[in-house]
Amino acid sequence: MNYRRMQYCARCTYPFVAVNLAVDDDGICSACHTAEAFEELSPDFWAQRKALFERKIEELRRNKDGSDYDCIIPVSGGKDSYWQTHIMVKEYGLKPLLVTYHGNNYLPEGNYNRDRMREVFDCDHLVMGPSVEALKKLNRLCFRKMGDMNWHGHCGIFTFPIQMAVRFNVPMMIWGEIAWDISGMFDPNDFVEFSARVRHEHGLRGFEWYDMLNDPQEPLKENDLMWAKYPSDEAIVKTGVRGLYIGNFFKWDPYKHTQLMKDLYGWKESERPFDRTYRRASNLDDRYENGIHDLLKFVKFGYGRGSDHSSKDVRTGYMTREEAVEMVRKYDHVVSDDLYYWLDYVNMTEEEFWRTADKFRDPRVWWIENGKWYKDNIWGDSSAYGEVHLSQAEQERFLRK
């Protein structure tokens, strides 16, 4: 049979099923085209963008009397957080309020980096951590509801900073990378800003805090989720909150930024290699993002962090496609050991995990043969990836006819 369910970009390692991805007639994905457009921008272009950003900063200064914070920077303590704060504090002399959502998933290096920000940047820093029992309930509930135990993290990151902007009357939030650059949704002239729509549809998977109430297995009350409530339109309009991405104004190069933050501030990457990617500098605030959260993306859509990171590195010239394919082969399928950390954390059996995870598989990607999951690989053949944990009735839509 020559039919292939899984097809891939001819330039990077992204599959056509990647969320919001478009593919042209030559088999090249929208993320590659957008990255190419950004890479071709001249130094003069970025000088003009920097000047535009500086005009926005001057306008901000004119409208403030020094009695409030100049801006809010949502930070995890990661390399991007450091770079955003470096720009605002060291280069422009602003007084930001750093705001962090703490989902109880930090790696040791992530804890170290986050806590140093207050010292090295001389900033006030608010860290909000929901109750651990509420977080455990949300981990289990959202895993069963949408196949994403980290829903609380996405919600907290995209909600608590806006709450603080309204509370402290701060009209500007400074984010980092342009939203959805990974799928190539926006070109350099779109000037993307943070929006409630992207928060709700992407970050929160279309769910809100009130969808987490009244579950018989994981009872949560409204006051368990105060940090998850998005401010009203009236409150946002009154404050005038806008979320700017500095990726619109400064050329984004995470490798250069990471090295600069190490040199200037002693920022630390993970000492231990990750099981599912070759990078050690990403997502230190959440042990599951590079691990089982990403494993669930592989379970659902057949690709993972190896594909994400290698595709970005192909687009920016740090890696050839052949090298990237080897990263996909090495990392995308790995069952990371943080699975067992999480199972112990939420008191769940491995059998229940796989039985639940299998329900979220995409039939455009996966099929069943002889009790095993199969999918097409970027290197040309198809392979089995684990046992099936579904009932016979549930298996029906995955069987090859």
Side-chain angles (χ1 to χ4, degrees), residues 1-41 147-148 177-192 195 197-198 201-203 205-206 245 247-248 252 254 276-279 282 294-333 360-367 373-383 385 397-398 400:
M1 181 180 290
N2 294 321
Y3 168 72
R4 286 178 63 83
R5 298 191 182 195
M6 199 81 163
Q7 299 181 66
Y8 298 85
C9 175
R11 185 176 294 175
C12 70
T13 59
Y14 253 26
F16 290 4
V17 297
V19 177
N20 286 349
L21 203 71
V23 182
D24 69 12
D25 292 339
D26 296 320
I28 298 174
C29 76
S30 51
C32 282
H33 283 304
T34 297
E36 184 178 36
F38 272 95
E39 287 298 312
E40 289 176 350
L41 297 173
D148 183 359
E177 241 177 324
I178 299 170
W180 281 111
D181 79 304
I182 199 167
S183 62
M185 282 179 61
F186 304 111
D187 72 25
N189 293 312
D190 282 335
F191 282 100
V192 183
S195 73
R197 179 180 177 181
V198 169
E201 295 182 2
H202 166 50
R205 312 289 190 260
Y245 293 93
N248 281 311
W252 197 267
R276 293 186 46 77
T277 184
Y278 55 92
R279 291 187 182 183
S282 299
D294 186 60
L295 172 63
L296 284 168
K297 183 167 71 175
F298 179 77
V299 168
K300 294 172 186 175
F301 303 118
Y303 74 106
R305 274 293 193 274
S307 295
D308 286 335
H309 289 164
S310 66
S311 288
K312 285 189 173 185
D313 287 344
V314 167
R315 294 171 197 142
T316 51
Y318 284 101
M319 190 176 286
T320 67
R321 189 176 191 272
E322 291 72 24
E323 291 170 331
V325 168
E326 289 308 305
M327 295 299 100
V328 175
R329 189 196 295 265
K330 181 176 181 180
Y331 290 108
D332 267 16
H333 67 286
F360 293 98
R361 290 187 189 260
D362 191 330
R364 296 175 300 169
V365 172
W366 298 99
W367 71 90
W373 291 109
Y374 277 79
K375 81 171 191 73
D376 296 314
N377 299 312
I378 191 171
W379 49 90
D381 61 4
S382 59
S383 301
Y385 291 96
R397 66 193 181 111
F398 295 99
R400 281 199 160 176

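Quick caveat, the model's predicted, so the values are computed rather than measured.
- In this structure, R315 is positioned above the aromatic face of Y14, its NZ or CZ under 6.0 Å from the six-membered ring centre and within 45° of the axis.
- Checked by atom type and distance alone, the side chain of S311 pairs as donor or acceptor with a backbone atom of T13 at under 3.5 Å.
- R205 has a carboxylate O that lies under 4.0 Å from a charged side-chain N of D148, or vice versa, which qualifies the two as a salt bridge.
- Put simply, CE on M6 and CZ on F16 are 10.5 Å apart, with the number rounded to the nearest 0.5 Å.
- Relative orientation of the Y385 and H333 rings is tilted, given thresholds of 30° and 60° on the angle between their planes.
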Is there a side-chain contact (heavy atoms from CB on, under 4.5 Å) between H309 and T277 once you walk through the steps? CA-CA 8 Å; H309 289 164; T277 184; 2.6 Å; yes

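- Listed for the D24 side chain is a donor-acceptor partner under 3.5 Å among the backbone atoms of G27.
- Side-chain rings of W252 and F38 stay apart, their centers remaining 6.0 Å or farther from each other.
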side-chain contact (heavy atoms from CB on, under 4.5 Å) between W367 and D376: does it pass, once the steps are laid out? CA-CA 10 Å; W367 71 90; D376 296 314; 3.4 Å; yes

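- Looking at R305 and D294, a side-chain N of the basic residue comes within less than 4.0 Å of a carboxylate O on the acidic one, giving a salt bridge.
- Around the CG atom of D25, the shell of radius 6.0 Å holds no more than 12 heavy atoms that belong to other residues, nucleotides or ligands.
- Under the 4.5 Å side-chain criterion, counting only non-hydrogen atoms from C-beta, F301 is not in contact with K375.
- W366 meets the side-chain hydrogen bond (donor to acceptor under 3.5 Å, both in side chains) test with no other residue; sequence neighbours excluded.
- Residue D332 comes nearest to S307 through the heavy atom pair OD2-OG, 2.6 Å, listed as atom of the first residue, atom of the second, then distance.
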Apply side-chain contact (heavy atoms from CB on, under 4.5 Å) to the pair Y278 and S310, showing each step before the final yes or no. CA-CA 9 Å; Y278 55 92; S310 66; 3.9 Å; yes

Could you go step by step and tell me if K312 and R279 meet the side-chain contact (heavy atoms from CB on, under 4.5 Å) rule? CA-CA 12 Å; K312 285 189 173 185; R279 291 187 182 183; 3.9 Å; yes

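- Residue pairs meeting the salt bridge (Lys or Arg N to Asp or Glu O under 4.0 Å) criterion with at least one partner in residues 7-21, sequence neighbours excluded, are R11-E36.
- Nearest approach of R361 to F398, heavy atoms of both residues: O-CZ, 3.5 Å.
- Partners of R329 according to the side-chain contact (heavy atoms from CB on, under 4.5 Å) rule, which considers only residues two or more places apart in sequence or in another chain, are E326, W379.
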